[in-house]
2 protein chains.
Amino acid sequence: METKKQIVSSTPEPTIRRLPMYLSYLKNFLSDGREYISAPHIASDLRIDATTRTKDLAYIGISGKPKIGYSVPVLINYLEEFLGYNRNDLAFLVGAGNLGTALLKYEGFKNTGLRIVAAFDNDTRKIGGKIGGVEILPIDKLRNMIERMHIAIGIITTPEGVAQSIADMMIGWGIKAIWNFTPAIIKAPEGIFVENTSIYSNLAVIINKIQNQ
Amino acid sequence: METKKQIVSSTPEPTIRRLPMYLSYLKNFLSDGREYISAPHIASDLRIDATTRTKDLAYIGISGKPKIGYSVPVLINYLEEFLGYNRNDLAFLVGAGNLGTALLKYEGFKNTGLRIVAAFDNDTRKIGGKIGGVEILPIDKLRNMIERMHIAIGIITTPEGVAQSIADMMIGWGIKAIWNFTPAIIKAPEGIFVENTSIYSNLAVIINKIQNQ
DNA sequence: TTTTAATAAAGAATTATTTCTTTATTAAAA
DNA sequence: TTTTAATAAAGAAATAATTCTTTATTAAAA
């Protein structure tokens, strides 16, 4: 008869997923030189109901002025703060293949507060080199590095087959969150957060839409 | 006073997003040589409530046998059929940079029914060559190719700044669905489906979880 | 056979999310 | 000032999705 109810009242995940979209949109808007923006305006451009958007912004603690709207720069600041772009979250990446390379070279992370501080691979031709300015180290250095640097985030871009064993190692050595880009289903103990970026899930939605006209 | 209610009763999107996960899991399970699997078994491995899973499977039209469970090969067939893996959906990809290259080389698509038949870029060093067996063509060939081959899916892996203009072109020439890997917010007319694979959204969820312990 | 236990299916309840409706606020116009 | 219109905020309702509960099914054991 335990109470399972979580009294967290945290921001809904759909809201969190929308926030980066607002941010991107607002930065474009600002670069056009306009300083205030209204909810209906954002809503129609982003094809999201105006109320949904208002509530999303209320979650991050910002309010607008009637007859005027929201101050775009203030909105951007709040969003960046909320999204942790002013933090400095360190991550390791394992698997410097095509996808891993793409992430290591990804300019977009520069603004986000996420910093990939090292990458690991077992290909001796890659080890010792750098990709996107990040050093490639042998897998057997992983343990020591995680423990020494207190890295919280582990990014897995390995082949599917080894993803779980990499995750197990990472978790055992202190990683708190895993960002899994493989199709593997990562099993992790309570308290370890696993976020999957699944190409297949996205593809499934597209194909389903096409199949049903 | 129009009726907005859509009486489609289609499969819920969360369900569709989970299906590839089931498929991956079941293929592993099958390779272990076991032929039947029960709902509670899948559920506990995948950390999804057993009822949710049963309903997911009911959507795709498969039922299990009491006391036995589901036949794994049958389940796999149904899933692959439902997910369109037996179809042959053709796609073009625009932007053969790091991410584009990763997708072109992605072995995983081989089983999915999605075939990227050509890629487009404006880098003359890439044009004429092949990546992952796919030819790289100049952007100005895009129109003719879309119209001639009746391609339905356009994948955008360009820099953010040009994503909308590429989308506009694709849509104008007959593309029905856009898979956008850039952070740009693609505006598209009614009837054109846009699926975003947003690195930022996934990152936002991770950072939010870490911030709240 | 009959009973039992594992299991699926159906339905109800709950929770989460979105959308709709009303009310309050306020800058600008009269 | 006072009024108006654009807007946000708050609350209610509707919808969607998940989880819980009960019922039905059936292979295997007794």
Side-chain angles (χ1 to χ4, degrees), chain A residues 1-19 21-22 26 29 34-72 74-75 78 201 204-205 208, chain B residues 1-19 21-22 26 29 34-72 74-75 78 201 204-205 208-209 212:
Chain A
M1 272 291 280
E2 74 189 300
T3 307
K4 263 224 185 148
K5 194 173 169 61
Q6 294 227 16
I7 314 158
V8 275
S9 173
S10 58
T11 316
E13 198 174 298
T15 294
I16 293 168
R17 291 190 185 279
R18 280 190 296 266
L19 295 180
M21 197 165 103
Y22 297 151
L26 291 168
F29 191 87
R34 286 170 286 179
E35 219 198 311
Y36 283 91
I37 191 169
S38 74
H41 192 149
I42 304 180
S44 77
D45 272 2
L46 265 54
R47 308 201 157 207
I48 295 168
D49 181 271
T51 314
T52 300
R53 197 222 26 73
T54 302
K55 293 204 169 157
D56 285 348
L57 297 183
Y59 275 115
I60 69 169
I62 188 168
S63 57
K65 281 187 202 164
K67 191 84 174 169
I68 296 287
Y70 297 85
S71 158
V72 179
V74 171
L75 214 43
Y78 267 76
S201 290
V205 174
N208 184 259
Chain B
M1 273 291 278
E2 73 189 301
T3 307
K4 264 224 188 151
K5 193 172 170 61
Q6 295 227 11
I7 313 160
V8 276
S9 174
S10 58
T11 315
E13 197 173 299
T15 294
I16 292 169
R17 291 191 185 279
R18 280 190 296 266
L19 296 180
M21 197 165 103
Y22 296 151
L26 290 168
F29 191 86
R34 286 169 285 178
E35 216 193 315
Y36 284 90
I37 192 167
S38 74
H41 191 150
I42 304 180
S44 77
D45 272 1
L46 264 55
R47 307 202 158 206
I48 295 169
D49 181 89
T51 312
T52 299
R53 198 218 30 70
T54 300
K55 293 200 169 162
D56 284 348
L57 297 183
Y59 275 116
I60 68 167
I62 189 169
S63 56
K65 282 187 203 164
K67 190 80 176 182
I68 296 287
Y70 297 85
S71 159
V72 179
V74 171
L75 214 44
Y78 268 75
S201 289
V205 174
N208 184 259
K209 280 276 172 16
N212 306 321

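FYI, side chains are in, hydrogens and waters are out, and symmetry mates aren't considered; it's all heavy atoms of this structure. Below, read A as the first sequence line, B as the second, and so on, with proteins coming before strands; counting in each chain starts at 1.
- Applying the salt bridge (charged side-chain N to carboxylate O under 4.0 Å, His left out) test to Asp45(A) and every residue at least two apart in sequence or in another chain returns Lys187(B).
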For each nucleotide in nucleotides 21-26 of chain D, reading 5' to 3', give B when a protein heavy atom comes within less than 4.0 Å of its base, S when such contact involves only the sugar-phosphate, and - otherwise. ----BB
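- Applying the salt bridge (charged side-chain N to carboxylate O under 4.0 Å, His left out) criterion to Glu35(A), with sequence neighbours excluded, gives no partner residue.
- Not one side-chain nitrogen or oxygen of Arg18(A) sits closer than 4.0 Å to the OP1 or OP2 atom of dT17(C).
- Where pairing requires Watson-Crick or G-U contacts shorter than 3.5 Å, the helical stems of DNA chain C with at least three consecutive pairs are C:1-30 with D:1-30.
- Partners of Arg53(B) by salt bridge (charged side-chain N to carboxylate O under 4.0 Å, His left out), not counting sequence neighbours: none found.
- Residue Ser63(A) is in sugar-phosphate contact alone, with no base atom involved, counting any heavy-atom pair closer than 4.0 Å across all strands shown.
- Taking atom CG of Asp49(A) as the reference point, atom P of dA16(C) lies 21 Å away to the nearest angstrom.
- Atom-to-atom, CG of Leu19(A) to P of dT17(C) comes out at 13 Å; the value is rounded to the nearest Å.
- Listed by chain and residue number, Ser198(A), Arg17(B), Pro20(B) satisfy the side chain to side chain contact (heavy atoms under 4.5 Å, CB included) test with Ser201(A) (two or more places apart in sequence, or in another chain).
- Residues forming a side chain to side chain contact (heavy atoms under 4.5 Å, CB included) with Pro40(A) (at least two apart in sequence, or on another chain): Ser38(A).
- Atom P of nucleotide dA17(D) and atom CZ of Arg17(B) are separated by 11 Å, given to the nearest angstrom.
- Asp56(A) contributes atom CG, which lies 10.0 Å from atom CD1 of Ile16(A) (distance to the nearest 0.5 angstrom).
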Which donor-acceptor pairs under 3.5 Å do side chains of residues 63-70 of chain A form with protein atoms, sequence neighbours excluded?
none

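- Residue Tyr70(B) places at least one side-chain N or O under 4.0 Å from the OP1 or OP2 atom of dA9(C).
- Using a 4.0 Å cut-off, no side-chain N or O of Thr15(B) falls inside it from OP1 or OP2 of dA17(D).
- Neither OP1 nor OP2 of dA9(D) sits under 4.0 Å from any side-chain N or O of Arg53(A).
- Not counting sequence neighbours, Tyr78(B) has no partner by the ring pair (Phe, Tyr, Trp, His ring centres under 6.0 Å) test.
- Note: CG (Leu57(A)) to P (dT18(C)) measures 13 Å, nearest angstrom.
- Protein atom CD of Glu13(B) is 11 Å distant from nucleotide atom P of dT18(D), rounded to whole Å.
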